[in-house]
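For reference, the structure discussed in these notes is given below.
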Amino acid sequence: MRPLDEKETTAVFEKLFKFTGTNLKHIVERPATEGPDDPPGRYCFRLHKNRVYYASESLVRRATNVSRDRLVAVGTCIGKFTKSGAFHLTVHSLDLLAAHARHKIWLKPTAEMSFLYGNSVLKGGLARITDNTHSGDGVVVFSMSDVPLGFGVAARSTQDCRKVDANSIVVNHQADIGEYLRNEDDL
């Protein structure tokens, strides 16, 4: 387990910025609320086996006592680096993204299952969308009862969503909470 280098930090922050915008500073500067020490310090990002973890500094200090080959995880896994060096957010980062999301959409109850099976969001299943969402922005998907279901990339802007037909894709799927069941061996 080691801190992220400059290139890795840039890749992680660019991906998080796509979903959180200026709220990224709240993630980075957030004081830790958990950890074995009395003042647990702040949260930090660490790399272990091509996966990026978000953990309190006190927990990271304690994890250094465990050998690298025996250490499974520390903190919350927010994403992983592919063999080509690209960074992908995983479904585990959903709670972090939902708390600090800049753009959100809410699904109708009839469209929730389709999204949880890994399909993109269609205009017919869209209940609400935040204003000023542009095509290509990171979007967190919620149910009508404000339960975060997953995240994706907006395929159309807020203005375009009002004009398109009901079978047009509005949000391209990236991850959802159904992955806990579909990919439980890989997670």
Ile27 reachable from Val139 in the ILVMFWY side-chain graph, under 4.5 Å edges: yes
Can you find a heavy atom in the side chain of Leu149 that is under 4.5 Å from one in the side chain of Trp106? no
Would you check if the side chain of Asp137 reaches a backbone N or O of Ala154 as a donor-acceptor pair within less than 3.5 Å? no
ILVMFWY network linking Val141 to Val153, side-chain heavy atoms under 4.5 angstrom: no
Give me the atom names and distance for the closest heavy-atom approach of Ala55 to Gly75. CB-CA, 3.7 Å
To check you understand the geometry: which heavy-atom pair defines the closest contact between Ala155 and Ser135, and what is its length? O-OG, 3.2 Å
Would Thr130 and His103 satisfy side-chain contact (heavy atoms from CB on, under 4.5 Å), going step by step from the backbone distance to the final call? CA-CA 6 Å; Thr130 55; His103 302 293; 3.8 Å; yes
Any sub-3.5 Å donor-acceptor pair from Ser93's side-chain atoms to Leu96's backbone N or O? no
Do the side chains of Thr90 and Cys77 get nearer than 4.5 Å, heavy atoms only? yes
Is a side-chain donor or acceptor of Ser114 paired with a backbone partner of Ala111 at a separation under 3.5 angstrom? no
Enumerate the residue pairs fulfilling salt bridge (Lys or Arg N to Asp or Glu O under 4.0 Å) with a member in residues 101-128, sequence neighbours excluded, ordered by first and then second residue. none
Provide the closest heavy-atom pair for Val52 versus Phe81 in the form atom of the first, atom of the second, distance. CG2-CE1, 3.5 Å
Grab the two heavy atoms, one from Thr76 and one from His92, that are nearest each other, plus how far apart they are. CG2-O, 3.6 Å
Measuring from atom CG of Leu116 to atom OG of Ser143, what distance do you get when rounded to the nearest 0.5 angstrom? 9.0 Å
Could you list all the salt bridge (Lys or Arg N to Asp or Glu O under 4.0 Å) pairs where at least one residue sits in residues 2-28, not counting sequence neighbours? Arg2-Glu8
Do the side chains of Ile105 and Val170 get nearer than 4.5 Å, heavy atoms only? no
Least distance between heavy atoms, Pro109 atom then Met144 atom: CD-CG, 4.3 Å
Hey, are the side chains of Leu126 and Val171 touching, using non-hydrogen atoms and a 4.5 Å cut-off? no
Value for OG (Ser157) from CZ (Arg162), rounded to nearest 0.5 Å, stands at 9.0 Å
Could you walk me through whether Leu16 and Phe45 pass the side-chain contact (heavy atoms from CB on, under 4.5 Å) check? CA-CA 12 Å; Leu16 287 174; Phe45 296 95; 4.0 Å; yes
Rounded to the nearest 0.5 Å, how far apart are CD of Glu29 and CG of Leu24? 9.5 Å
Please report the interatomic distance CG(Asn119) to CD1(Ile169), rounded to the nearest 0.5 Å. 9.0 Å
Treating Ile, Leu, Val, Met, Phe, Trp and Tyr as nodes and any side-chain heavy-atom pair under 4.5 angstrom as an edge, say whether Val28 and Leu97 lie in one connected cluster. yes
Where the side chain of His48 meets the backbone of Leu71, is there a donor-acceptor pair that is under 3.5 Å apart? yes
Just verifying a value: how many Å separate Asp69 CG and Lys49 NZ, rounded to the nearest 0.5 Å? 7.0 Å
Are Ser56 and Arg42 side-chain neighbours, meaning at least one heavy-atom pair lies under 4.5 Å? no
Measure across Met1 and Val74 and return the closest heavy-atom pair with its distance rounded to 0.1 Å. SD-CG1, 3.1 Å
Does Thr133 reach the main-chain N or O of Thr158 with its side chain, forming a donor-acceptor pair under 3.5 Å? no
Can you check side-chain contact (heavy atoms from CB on, under 4.5 Å) on Cys44 and Val60, steps first, answer last? CA-CA 9 Å; Cys44 60; Val60 170; 3.8 Å; yes
Apply salt bridge (Lys or Arg N to Asp or Glu O under 4.0 Å) to Asp176 and list each qualifying residue two or more places apart in sequence or on a separate chain. Arg182
Rounded distance (nearest 0.5 Å) linking atom CZ of Phe115 with atom CG of Leu107: 6.5 Å
Gln174 vs Leu89, side-chain contact (heavy atoms from CB on, under 4.5 Å): CA-CA, chis, key distance, verdict: CA-CA 8 Å; Gln174 281 193 342; Leu89 289 171; 5.5 Å; no
Test of understanding: clusters of I, L, V, M, F, W, Y form through side-chain heavy atoms closer than 4.5 Å, transitively. Do Phe17 and Tyr43 belong to the same one? yes
Hydrophobic cluster identity match, Val121 and Val147, side-chain contacts under 4.5 Å: no
